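A quick write-up on the structure given underneath.
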Amino acid sequence: MRESYQKLGNYIQPVVGRNTELRDIPLMGLSINKVFFPSIANTIGTNMGTYRIIKRNQFGYGPVTSRNGEKITIALFKDHDEALISQAYTPFEVKDKNKLDPEYLMMWFRRPEFDRYARFKSHGSAREIFSWDEMCDVMLPIPSIEKQREIVAEYQAIEQRIQINQKLIEKLEETAQAIYREWFVEFENYESTFLEEYIETNPKLELKKGELTSYIEMANLSETSMCINGKTERGYQGGSRFQNEDILLARITPCLENGKTAFVNILNPNEVAAGSTEFIVMRAKKNISPYWVYCLAKDDEFRAYAISSMIGSSGRQRVHEKYLEEYSLPKIDPQNMIDFHKSARPIFETVKLKSKENQKLTELKELVLAKMAQSG
DNA sequence: ATAATTGTTCACGAGGCAGA
DNA sequence: TCTGCCTCGTGAACAATTAT
């Protein structure tokens with residue numbers, strides 16, 4: 001270990017104090033994603049006096065590491081001036097912010113190496129604990145405060161760009177949806193037809209058992225955008241099959257209700273990929289824009305129809321694609337479709353570009369974290 | 001007979017409670 | 001503080017049934 005590595009214990013101290021006055025301030029939880037969020041605890045009948053109080057720029061962590069996916073629950077609190085957290089978490093703070101920058105320390109905690117370290121250093125029989133003493137024994141590079149702030153600024157700049165892209169993607173999706181509504185929903189046409197005239201569901205595609213293919217699981221789908229984040233390679237063993245420009249619609253509780261729908265654009269041309277058994281693949285028929293299919297799949301009216309037609313018992317309800325094909329909608333003017341496709345294309349292309357850019361930026365972020373080990 | 005669809009169960013991650 | 005346990009959500013495996 002380098003000489004410039006320092007013992008964390010010299011820079012931090014625990015925070016004491018319980019909610020004995022039963023104050024009415026926000027109750028927060030924290031997760032292995034290393035963020036605070038509004039707590040999901042059921043606190044009816046709970047004695048809130050035992051809860052701990054955490055203040056802005058203090059940290060909280062969960063000493064229990066053995067049941068959290070090889071990760072440690074730790075986050076820097078910035079959402080409010082003060083909040084309550086469960087007694088299960090240990091709050092602590094940096095003694096002197098001019099010697100150790102809290103944001104810089106949080107960056108160190110975000111490193112995957114720190115997760116592994118915390119797990120490795122956990123001990124106990126029934127439950128493995130990363131104790132306060134172990135936390136104090138953590139060694140990390142602590143350069144000058146100026147250098148720390150420089151590193152933090154670099155990291156935050158990347159984060160900001162990701163957020164800007166994310167916002168842009170959201171706006172673009174809204175725009176696409178607005179164009180769709182204007183042209184196809186508010187469009188007056190009293191002649192109606194069924195969806196099967198325009199789309200094909202679960203098109204037949206060949207994949208051999210055991211063949212190595214790209215695989216997209218439910219977790220890769222976003223609830224808010226068309227972008228698919230990540231894929232894996234594995235031998236084909238069943239499930240849905242699709243290609244670029246197909247639309248994936250999650251058909252099972254609660255993924256459908258949550259809006260998990262994707263526009264496939266991350267495959268190679270002509271590549272056939274596999275995915276979760278719980279996707280319905282929607283494909284545009286001849287002369288129909290795949291962009292239109294995506295917008296339809298995200299349309300409130302269509303989604304309400306899909307949700308209302310879910311069947312199955314024991315809480316695991318699914319949509320049947322036959323029902324989707326029977327969805328009734330106004331007949332589409334072919335010229336309208338051509339014009340819509342032209343208008344929507346730049347939107348979808350930009351979303352694809354920005355989503356790719358964000359993947360690169362995310363890699364870059366990880367690189368900045370990895371680099372910290374050399375900054376001492 | 002085989003594939004596709006539908007129903008059921010299982011495991012377990014994650015967040016947290018509460019008594020000793 | 002320690003630790004036994006609860007609850008909810010969810011993906012996936014497995015089983016049963018139906019279609020081809």
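In what follows, every chain begins at residue 1, and chains take the letters A, B, ... in the order their sequences are listed. Everything numeric here is computed off the predicted structure, so don't read it as measured data.
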(request) Can you tell me the distance, in whole Å, between the CD1 atom of Ile85(A) and the P atom of dG16(B)? (result) 10 Å

(request) Identify the heavy atoms of Ile74(A) and Met106(A) that sit nearest to each other, and give their distance. (result) O-CE, 3.6 Å

(request) Write down the distance between NZ (Lys204(A)) and P (dT2(B)), rounded to a whole number of angstrom. (result) 18 Å

(request) Take the protein atom CE of Met28(A) and the nucleotide atom P of dG16(B), then report the distance between them rounded to whole Å. (result) 10 Å

(request) Please check the phosphate of dG16(B) (OP1 and OP2 only) for any side-chain N or O of Ser39(A) closer than 4.0 Å. (result) yes

(request) Kindly write out the residues that satisfy side chain to side chain contact (heavy atoms under 4.5 Å, CB included) with Glu174(A), not counting sequence neighbours, or none if the list is empty. (result) Lys171(A)

(message) List the residues meeting side chain to side chain contact (heavy atoms under 4.5 Å, CB included) with Glu363(A), not counting sequence neighbours, and say none if there are none.
(response) Lys360(A)

(request) Taking side chain to side chain contact (heavy atoms under 4.5 Å, CB included) as the test, write out the residues that go with Pro14(A), two or more places apart. (result) Trp132(A)

(request) Could you tell me the separation between the CD1 atom of Ile129(A) and the C1' atom of dG4(C), rounded to a whole number of Å? (result) 13 Å

(request) Take atom NZ of Lys260(A) and atom P of dG9(C), then tell me their distance rounded to the nearest Å. (result) 15 Å

(request) Identify, with sequence neighbours excluded, every residue that meets side chain to side chain contact (heavy atoms under 4.5 Å, CB included) alongside Asn33(A). (result) Ser31(A), Val35(A)

(request) Tell me which nucleotide among dA12(C), dA18(B), dG11(C) gets nearest to the side chain of Met218(A). (result) dG11(C)

Any N/O pairs under 3.5 Å between the protein and nucleotides 18-20 of chain C? List them or say none.
none

(message) The criterion is ring pair (Phe, Tyr, Trp, His ring centres under 6.0 Å); which residues satisfy it with Phe130(A), sequence neighbours excluded?
(response) none

(request) Determine the contact category for Ser31(A): base if any of its heavy atoms lies under 4.0 Å from a base atom, sugar-phosphate if only primed atoms, P, OP1 or OP2 are that close, otherwise nothing. (result) sugar-phosphate

(message) If I take atom CG in residue Leu84(A) and atom P in nucleotide dG16(B), what distance separates them, rounded to the nearest angstrom?
(response) 12 Å

(message) Counting only side-chain nitrogens and oxygens, does Arg251(A) get under 4.0 Å of the OP1 or OP2 atom of dG11(C)?
(response) no

(message) What contact category does Glu278(A) fall into here, base, sugar-phosphate, or nothing, at under 4.0 angstrom with non-hydrogen atoms?
(response) nothing

(request) Measure the distance from CZ on Phe130(A) to C1' on dT1(C) and round it to the nearest whole Å. (result) 18 Å

(request) Check the distance between dG15(B)'s P and Leu30(A)'s CG and give it to me in whole angstrom. (result) 8 Å

(request) Considering non-hydrogen atoms only, spot the tightest contact between Leu195(A) and Leu329(A) and give its length. (result) N-CD2, 3.6 Å

(message) Taking 4.0 Å as the cut-off, does a side-chain nitrogen or oxygen of Tyr89(A) come that near to OP1 or OP2 on dG16(B)?
(response) yes

